[in-house]
Amino acid sequence: MIKSGTDINFAAQLLKKNKVVGIPTETVYGLAANAYAEEAILSVFKIKNRPFFDPLIVHVSCINQVNEIAHWHDERLKRLAEHFWPGPLSLLLPKKTIIPDIVTSGLSQVAVRMPQHPLCLELLNRIAFPLAAPSANPFGYISPTEAQHVLDQLKSQIDYVLDGGPCTIGLESSIVGIENNQLTLFRAGGISCEAIEQVAGTLHLNTSKSDNPKTPGQLKSHYAPKIPMYAGPLTKLLKKWGTKKVALLYTGTENYNVYFKFNLSPTHNNDEIARNMFRAFRAADQSGADVILISFVENTGLGMAINDRIARAVIRD
Ligand code: TXA
Ligand code: MG
């Protein structure tokens, strides 16, 4: 049986039968199910091997659908939605009872976003319910940015992946909510803090620690390759690990002599680095190398989200 393709009707039929389907978004691929059907959501947790304390993001096709599932309690969030949707931004809104508690892990707020991907929006338009979808990777592993990545790991457990090509952003949505009446960033992602602040004013950085996460996507070990990965200045790391088989993820145009290398961006461009990063993690993980070496990037634009993902993927000395 063909497991991936662009058959939106087939994907819609499966979802209507409470099956789980891989879907493309501009950030990463999702593992989608009817957000109103507890049974379907249970399958998502099971397939991902995801703990029930880690809530799911709900994907909508229009503002009417948001009103069906949540309350707009804050003007700043409304402004952000108007400005950035469809796009890589999830908003935490007080949920209505139509959303089962399992979706939000019992929390009173639901994370909502309108994805910016033509195939995904088309699919959402053909069904009468929103889609709860975590990233389509086994819990703790690298997020998928191509349909093939989803098939590589979950083929035996799902019926179909809607193939929308490689993700254009490459890392997950930013998650923003209100805490103590302050606009608060819960996860750095595809929209930069600078851009969010320009639209909605001062953005407070969530201080919850990774060992006691309020937002479980903030768990310390996440997005992690199976072979050890270290981050820091590359010359220093290469000196230390030079005798091993090194997989090097680098930027710029220097010509390194290593076992495996992946150029994330010849021009050190953070948008390009974001787009390539998870793909590079995967390629390095499968390269046969002993260690993966990478350096942190400039903290501008998507740099904060890139550095966050690197920090969660590496082993620290
Ligand atoms: O870009 C994305 O957001 C992708 C695509 C598929 O849309 N999805 C994604 O989902 O990254 P996931 O499940 O890998 O990460 C969602 C994170 C959770 O780990 C959780 O920390 C946070 O979103 N989250 C979801 N609902 C929440 C809630 N009600 N309160 C606090 N955090 C929530
Ligand atoms: Mg994830």
Side-chain angles (χ1 to χ4, degrees), residues 20-33 35 41 44-45 47-60 69-70 84-96 99-117 120-121 123-124 130-145 147 149-150 153-154 161-162 164 167-179 184-191 206 208 210 212-224 274 278 281 302 305 308-309 312-313:
V20 174
V21 171
I23 57 161
T25 83
E26 77 281 33
T27 58
V28 301
Y29 272 74
L31 199 58
I41 304 298
V44 171
F45 278 94
I47 292 169
K48 253 195 89 112
N49 197 15
R50 180 177 176 114
F52 287 110
F53 62 73
D54 197 355
L56 309 184
I57 293 175
V58 175
H59 299 69
V60 297
I69 65 173
F84 292 114
W85 282 0
L89 176 70
S90 296
L91 299 175
L92 294 176
L93 304 175
K95 86 173 188 75
K96 294 185 177 170
I99 294 291
D101 284 338
I102 185 175
V103 171
T104 62
S105 305
L107 297 170
S108 60
Q109 304 206 87
V110 58
V112 186
R113 91 176 185 98
M114 193 185 294
Q116 186 175 41
H117 189 290
C120 184
L121 284 172
L123 173 67
L124 282 164
L131 291 174
S135 51
N137 50 290
F139 186 69
Y141 194 62
I142 305 158
S143 305
T145 52
H149 298 164
V150 184
Q153 291 186 295
L154 302 175
V161 181
L162 188 61
C167 301
T168 52
I169 302 285
L171 48 76
E172 297 85 348
S173 60
S174 306
I175 302 180
V176 173
I178 304 292
E179 195 172 53
T184 305
L185 182 75
F186 288 84
R187 178 177 74 182
I191 305 259
N206 175 258
S208 68
S210 52
N212 180 23
K214 191 169 233 162
T215 306
Q218 301 300 79
L219 288 171
K220 227 181 210 168
S221 171
H222 218 89
Y223 315 106
F278 285 145
F281 283 11
L302 296 192
D308 171 79
R309 303 305 187 272
R312 286 174 210 289

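Whatever order the structure lists ligands and atoms in, that order sets their numbers, starting from 1. Worth knowing before you read on, the calculation uses all heavy atoms, side chains too, and leaves out hydrogens, waters and symmetry mates. Just so you know, these numbers come straight off a predicted model, no measurement behind them.
- When only interatomic distances are considered, the shortest N/O to N/O separation between Ser90 and ligand 1 does not fall below 3.5 Å.
- For ligand 1, the polar-atom distance check finds no N/O of Tyr29 at less than 3.5 Å from any of the ligand's N/O atoms.
- Interface of Pro134 with ligand 1, defined as ligand atoms under 4.0 Å from a residue heavy atom, comprises 10 (O), 12 (P), 13 (O).
- Shown in contact with Glu172 at under 4.0 Å from a heavy atom are these atoms of ligand 1, numbered in order with element: 1 (O), 2 (C), 11 (O).
- Only side-chain heavy atoms of Leu92 come within less than 4.0 Å of ligand 1; its backbone N, CA, C and O stay farther off.
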Give the intermediate values and the outcome of side chain to side chain contact (heavy atoms under 4.5 Å, CB included) for residues His59 and Arg113.
-> CA-CA 5 Å; His59 299 69; Arg113 91 176 185 98; 3.8 Å; yes
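- Of the possible donor and acceptor atoms, none in the side chain of Ser108 sits under 3.5 Å from a partner among the backbone N and O of Pro94.
- In the model, Glu172 has a side-chain atom that pairs as donor or acceptor with a side-chain atom of Ser143 under 3.5 Å.
- Close contacts of ligand 1 with Ala111, meaning ligand atoms under 4.0 Å from a residue heavy atom, involve 25 (C), 26 (N), 27 (C), 29 (N).
- Considering both main-chain and side-chain atoms, Lys48 never comes within under 3.5 Å of ligand 1 through any nitrogen or oxygen pair.
- Residue Ser135 counts as close to the Mg ion (ligand 2), with an N, O or S atom under 2.8 Å.
- Under a 4.0 angstrom heavy-atom cut-off, Lys95 registers as lying outside contact with ligand 1.
- Screening Leu107, Ile102, Val103 for a side chain to side chain contact (heavy atoms under 4.5 Å, CB included) with Pro55, the sole residue that qualifies is Leu107.
- Residue-ligand proximity, Ile175 to ligand 1, at heavy-atom distances under 4.0 Å covers atoms 17 (C), 22 (C), 23 (O).
- Between Val112 and Trp85, some side-chain heavy-atom pair lies under the 4.5 Å cut-off.
- Put simply, the side chain of Leu124 reaches to within 4.5 Å of the side chain of Pro115, judged on heavy atoms.
- When every heavy atom of Val28 is checked against every heavy atom of Cys167, the shortest pair comes out as CA-SG, 3.6 Å.
- Residue-level proximity to ligand 1 for Arg50 is carried by the side chain, the only part with a heavy atom below 4.0 angstrom.
- The ligand atoms of ligand 1 that sit less than 4.0 angstrom from a heavy atom of His59 are 5 (C), 6 (C), 7 (O).
- When side chains are defined from C-beta on, Ile142 does not count as touching Asn137, because their heavy atoms never get closer than 4.5 Å.
- Selection from Cys120, Gly22, Ala133 by nearest heavy atom to atom 8 (N) of ligand 1 gives Ala133.
- Heavy-atom contacts of Gly30 reach the following atoms of ligand 1: 6 (C) (cutoff under 4.0 Å).
- Of the polar atoms of Asp54, at least one N or O is found under 3.5 Å from an N or O of ligand 1, judged by distance alone.
- Near Ser173, with a cut-off below 4.0 Å to any heavy atom, the atoms of ligand 1 are 1 (O), 2 (C), 3 (O).
- Within the 4.5 Å cutoff, side-chain heavy atoms of Pro134 are placed close to those of Leu31.
- Side-chain contact annotation: Ser173 with Ser90, donor-acceptor N/O pair under 3.5 Å present.
- Distances below 4.0 Å separate heavy atoms of Gln109 from the following atoms of ligand 1: 28 (C), 29 (N).
- Annotation: the span from Phe84 atom CZ to Ile191 atom CD1 amounts to 5.0 Å, rounded to 0.5 Å.
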